[in-house]
Amino acid sequence: MRLATGARVVAEDVALVTREGPVYTGVDFTARPGTLTVFQADSGGGRSALLLTLTGRMRPTSGTVYVDGHELPRRARRVRRISSLGLMTEVNALDERLRVSEHLSEAALLRFRPAARGLADFAMEAADLGGLDRRTLVKELDALERRRLGVALALMAEPRLLVVDDVDGGLSDEHQALMWRSLKRLTDAGLTVIATCADADALAEVADTDTQGPLPIDQGGDPADAEDDDVDDGAGEVRLSELFGDRAATPATNATNATEGEDGDDRRDR
């Protein structure tokens, strides 16, 4: 078993501006298959919202995103089917009462198609957790193991695009470097990975010609530039806890967007 070929991601002057002000503006980049792209901002700097936008789970105010040729937000459902989220606060947090094996079983059930035999083994190995006892409760995992488990659960969907939020959050310098190495190995195997962080110092240890960033997230702009009609009422204040409140009690491998695309997507795909 191997990773799916990565998706090409192209963002053209993408912005999200709410009634409270800009969340992010002027996002313009191209991510090729097999590359690691890193955005840098402090907490509250639009990191999570940007990743949700790039995976078809949040509607931008302006600009266009293409993922493997599928235009967002018009083809959001198709993009969600080929992308996965690592752990993201208030979106798909781990349930500390569950064992690792139970999270893996749930991730297999949430796939769009039957899971191949050995998929869980593959996902755990790919996330550098091959030696972890799956009977372990999540509450007994350290911060690095939790972050890697989030990646393993995302890989259960066999995505072409993986996004990982807050890579450095809560990790020591040594563990940050190990986490970046884990993500870089995934890109070396062909997956497209887009990640965010506050501190990118440890990224330098793995960065190469297939690494882009760290790219700063710009929150400039004038809130008056956003027409009220262009702002999704469900995301007016971009509070993730409100956007995904209906899933707060359920651990999710891939959280969903309440946005409906023109391709008839009115379901909440994970």
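No side-chain heavy atom of Arg148 sits under 4.5 Å from any side-chain heavy atom of His175. Contact annotation: the side chain of Leu119 approaches that of Glu158 to within less than 4.5 Å [non-hydrogen atoms, C-beta and beyond]. In this structure, the side chains of Thr89 and Asp165 stay at 4.5 Å or more apart for every pair of heavy atoms. In this structure, the side chains of Asp95 and Glu106 stay at 4.5 Å or more apart for every pair of heavy atoms. Between Leu155 and Phe122, the closest side-chain pair of non-hydrogen atoms is not below 4.5 Å. Annotation: side chain of Tyr66 is not in contact with side chain of Arg75 (no heavy-atom distance under 4.5 Å). Proximity of Val138 to Leu149: side-chain heavy atoms (C-beta onward) are separated by under 4.5 Å at one or more points. Taking 4.5 Å as the limit, some side-chain heavy atom of Val151 sits within range of a side-chain heavy atom of Leu186.
For the atom pair OG1 of Thr187 and CG of Leu162, the computed distance is 10.5 Å after rounding to the nearest 0.5 Å. Annotation: the span from Leu98 atom CG to Leu137 atom CG amounts to 8.5 Å, rounded to 0.5 Å. To the nearest 0.5 Å, the span separating NE2 on His103 from CG on Leu94 amounts to 4.5 Å. Annotation: the span from Asp201 atom CG to Trp180 atom CH2 amounts to 11.0 Å, rounded to 0.5 Å. To the nearest 0.5 Å, the span separating CG on Leu129 from CD on Glu145 amounts to 6.5 Å. Taking CG from Leu104 and CG from Leu153, the interatomic distance works out to 5.5 Å, rounded to the nearest 0.5 Å.
Transitive grouping of hydrophobic side chains (ILVMFWY, heavy atoms separated by less than 4.5 Å) keeps Met58 and Val10 in distinct clusters. Hydrophobic clustering places Phe29 together with Leu50 (ILVMFWY residues linked when any side-chain heavy atoms are closer than 4.5 Å, directly or through intermediates). Cluster membership for Leu178 and Leu183, using ILVMFWY side-chain heavy atoms within less than 4.5 angstrom, is shared. When the side chains of ILVMFWY residues are joined at heavy-atom separations under 4.5 Å, either directly or via intervening members, Val167 and Leu141 end up in a single hydrophobic cluster.
Between Asp128 and Arg181 there is no salt bridge, since none of the side-chain N atoms of the basic residue sits less than 4.0 Å from a carboxylate O of the acidic one. One finds no salt bridge joining Arg97 and Glu102 here, because no Lys/Arg side-chain nitrogen approaches an Asp/Glu carboxylate oxygen to under 4.0 Å. Taking the charged nitrogens against the carboxylate oxygens, Arg134 and Asp121 do have a contact shorter than 4.0 Å, which makes a salt bridge.
In this structure a side-chain-to-backbone donor-acceptor pair under 3.5 Å is missing from Thr35 to Thr211. Formation of a donor-acceptor pair under 3.5 Å by the Asn92 side chain with backbone atoms of Gly86 is found in this model. Remark: side-chain polar atoms of Thr25 are paired, donor with acceptor, to backbone N or O of Asp218 under 3.5 angstrom. Under the 3.5 Å distance criterion, the side-chain polar atoms of Gln219 are left unmatched by any main-chain donor or acceptor of Gly21. Of the possible donor and acceptor atoms, none in the side chain of Thr53 sits under 3.5 Å from a partner among the backbone N and O of Pro60. Asp168 contributes a side-chain N or O that, together with a main-chain N or O of Asp199, makes up a donor-acceptor pair within less than 3.5 Å. Side-chain atoms of Arg8 do not come within 3.5 Å of backbone N or O of Thr30 as any donor-acceptor pair. The main-chain N or O of Ala198 is found under 3.5 Å from a side-chain atom of Gln40 such that the two form a donor-acceptor pair. Distance alone, capped at 3.5 Å, places no donor-acceptor pair between the Arg147 side chain and the Gly170 backbone. A donor-acceptor distance shorter than 3.5 angstrom exists from the side chain of Gln176 to the backbone of Leu171, with no hydrogens or angles considered.
Taking every heavy atom of both residues into account, Ala154 and Ser84 meet most closely at O-OG, 3.0 Å. Scanning both residues, Gly45 and Ile217, for their nearest heavy atoms gives O-CG2, 3.3 Å. Closest approach of Arg47 to Cys197, counting heavy atoms only: NH1-C, 3.5 Å. What you find for Gly34 and Asp210 is that their closest heavy atoms are O-CB, 4.0 Å. Summarising the geometry of Pro214 relative to Leu203, their closest heavy-atom pair is CD-CD2, 4.0 Å, with the distance given to 0.1 Å. For the pair Ala15 and Gly26, the tightest heavy-atom approach, listed with the atom from each and the gap, is CB-N, 4.3 Å.
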*Criterion salt bridge (charged side-chain N to carboxylate O under 4.0 Å, His left out) on Lys184 and Asp208, from CA distance to verdict*: CA-CA 10 Å; Lys184 190 64 178 66; Asp208 59 16; 2.9 Å; yes
_Let's go through Leu85 and Leu52 carefully: what are the C-alpha distance in whole Å and the side-chain angles of both, what is the deciding distance for side chain to side chain contact (heavy atoms under 4.5 Å, CB included) to 0.1 Å, and is it a yes or a no?_
CA-CA 8 Å; Leu85 308 178; Leu52 290 170; 3.9 Å; yes
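Applying side chain to side chain contact (heavy atoms under 4.5 Å, CB included) to Leu161 and the options Thr55, Leu191, Ile82 leaves one that passes, Thr55.
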